[in-house]
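Here the structure comes first, spelled out in structure tokens, and everything after it is commentary.
The shown structure was predicted, so the numbers you read here are calculated from the model rather than taken from an experiment. Below, read A as the first sequence line, B as the second, and so on, with proteins coming before strands; counting in each chain starts at 1.
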Number of protein chains: 2
Amino acid sequence: MTTKKNQLITTAFELFYYNGIHAVGINKILEVSGIAKKTLYNHFQSKEELIEATLTFRDVQYRNWLYERVNEAPKGIERIHALFDALDDWFNNRVCHFQLFRGCFFINTSAEFGDPSTKINQVCVAHKTEIRRFIKTQVSELNIQPHHLELITDSIQLLKEGAITIAAVQEDCHIAEKAKKSALLIIDAYSNSAINKG
Amino acid sequence: MTTKKNQLITTAFELFYYNGIHAVGINKILEVSGIAKKTLYNHFQSKEELIEATLTFRDVQYRNWLYERVNEAPKGIERIHALFDALDDWFNNRVCHFQLFRGCFFINTSAEFGDPSTKINQVCVAHKTEIRRFIKTQVSELNIQPHHLELITDSIQLLKEGAITIAAVQEDCHIAEKAKKSALLIIDAYSNSAINKG
DNA sequence: CACATAGTAGACAAATAGGTCTACTTTTGT
DNA sequence: ACAAAAGTAGACCTATTTGTCTACTATGTG
């Protein structure tokens, strides 16, 4: 992929993520990136195609970051800790190659494009589904009974998505820590050792 | 307030909630409501003022519904059940005076208006803060220790916001039930009777 | 060197945005 | 009944939107 195309995608993503997609015009992206309009329409058929490209870009960037952060911890409960610690860094702008936290780009974009049948919306769903799959993989390494796998995965995803929303809307920068506590409590309640204790 | 003004607000809300705010022009609102442009600008100074009015409208409508649903249950754990049962009805379009579920209007709007310093965004924050206050009131009626009040409130709000997001983006219509299970588990872990048991 | 590729600058078009204004009609309160 | 208030229809204005097109300019490889 050419440099210009990458520049367009990253510039578009930055502006979209900050301001919302509908609020950012093509001309603004060209002005900020310093790239000619012809070049944009040489690489993308339409604004929609550029939007889709920014979603793909962010999907890769975000998952690379999150998965690396989680996978560098040892398997098991440590990775649940790592998940929420990563969120905490994200909310508090300690991820240096991310820009200022403004919620989840996929939730935001999905909110802007109401109709669930659009391709844009489907990319957002796919991202969340993939994240859930990843969480499930981590949960499966815990000392739990297999029939609790889905339920614990759901709980953690609920807490994660809730934390992102609360961090974004209410600007509560400690929310990831609170979500982590709840997650650990739930895991503990379902864990084999807890059952053995009881 | 005049009938025309109300019509404008409800029509605008319906269109905004379905399609996103930036995606809906003034002319579309006029066309659907069948009201003249002059009348709109007689009641509102700008589109922004109309947006603010739709936010206030929804804030009142939504809280009236939710608070009534919760308050008709007896105080205590029953009201936590009622909270998540209400969410379940909302997600599954069983609230007859609401339109098709498309997530939380305040989260969606906040996502579209990135800058947290705008008045529009502040109204969204105020809504969430008020909802949290209400949840806290319900939690305070549970058989818990006072120093756990904030933490349990946070947990329930996390699960609630997470459920709204997942229901909206992934269209998982059973998510409220799962959130409820997690909430009850957390409350049970913190409850006095549980501590007495251990 | 030459030529194809990729990029630039920006005029232009068509559509749509928010918002104003005039002229006319309907409603409403006294 | 009559005057004031509220509403209608829609032309109009200006700014902005996405997208096209032309003419020109780097650039880099055979």
Look at the aromatic rings of [X] and [Y] and report parallel, tilted or perpendicular, splitting at 30° and 60°.
| X | Y | result |
| --- | --- | --- |
| A/F91 | A/F101 | tilted |
| B/F134 | B/Y67 | parallel |
| A/Y17 | A/F105 | perpendicular |

Could you tell me the separation between the [atom1] atom of [X] and the [atom2] atom of [N], rounded to a whole number of Å?
| X | N | atom1 | atom2 | answer |
| --- | --- | --- | --- | --- |
| B/K4 | D/dA9 | NZ | P | 9 Å |
| A/N27 | C/dA14 | CG | C1' | 15 Å |
| B/L30 | C/dA17 | CG | P | 11 Å |
| B/H22 | C/dA17 | NE2 | P | 13 Å |
| A/I29 | D/dT17 | CD1 | C1' | 12 Å |
| B/E31 | C/dG18 | CD | P | 13 Å |

Centroid-centroid distance, B/F84 to B/W90, less than 6.0 Å: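 No, the ring of B/F84 stays outside the 6.0 Å limit from the ring of B/W90, centre to centre.
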From the options C/dT8, D/dT8, D/dG10, select the nucleotide whose nearest atom is closest to the side chain of B/K37.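 The answer is D/dG10, which lies nearest to the side chain.
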Within 45° cone of A/Y18 ring axis and under 6.0 Å: A/R102 NZ or CZ: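 A/R102 over A/Y18 ring: yes.
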Neighbours of DNA chain C within residues 38-55 of chain B, by heavy-atom distance under 4.0 Å: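 Heavy-atom contacts with DNA chain C come from B/K38, B/Y41, B/S46, B/K47.
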Are A/R79 and A/E141 side-chain neighbours, meaning at least one heavy-atom pair lies under 4.5 Å?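 No - every pair of side-chain heavy atoms lies 4.5 Å or more apart.
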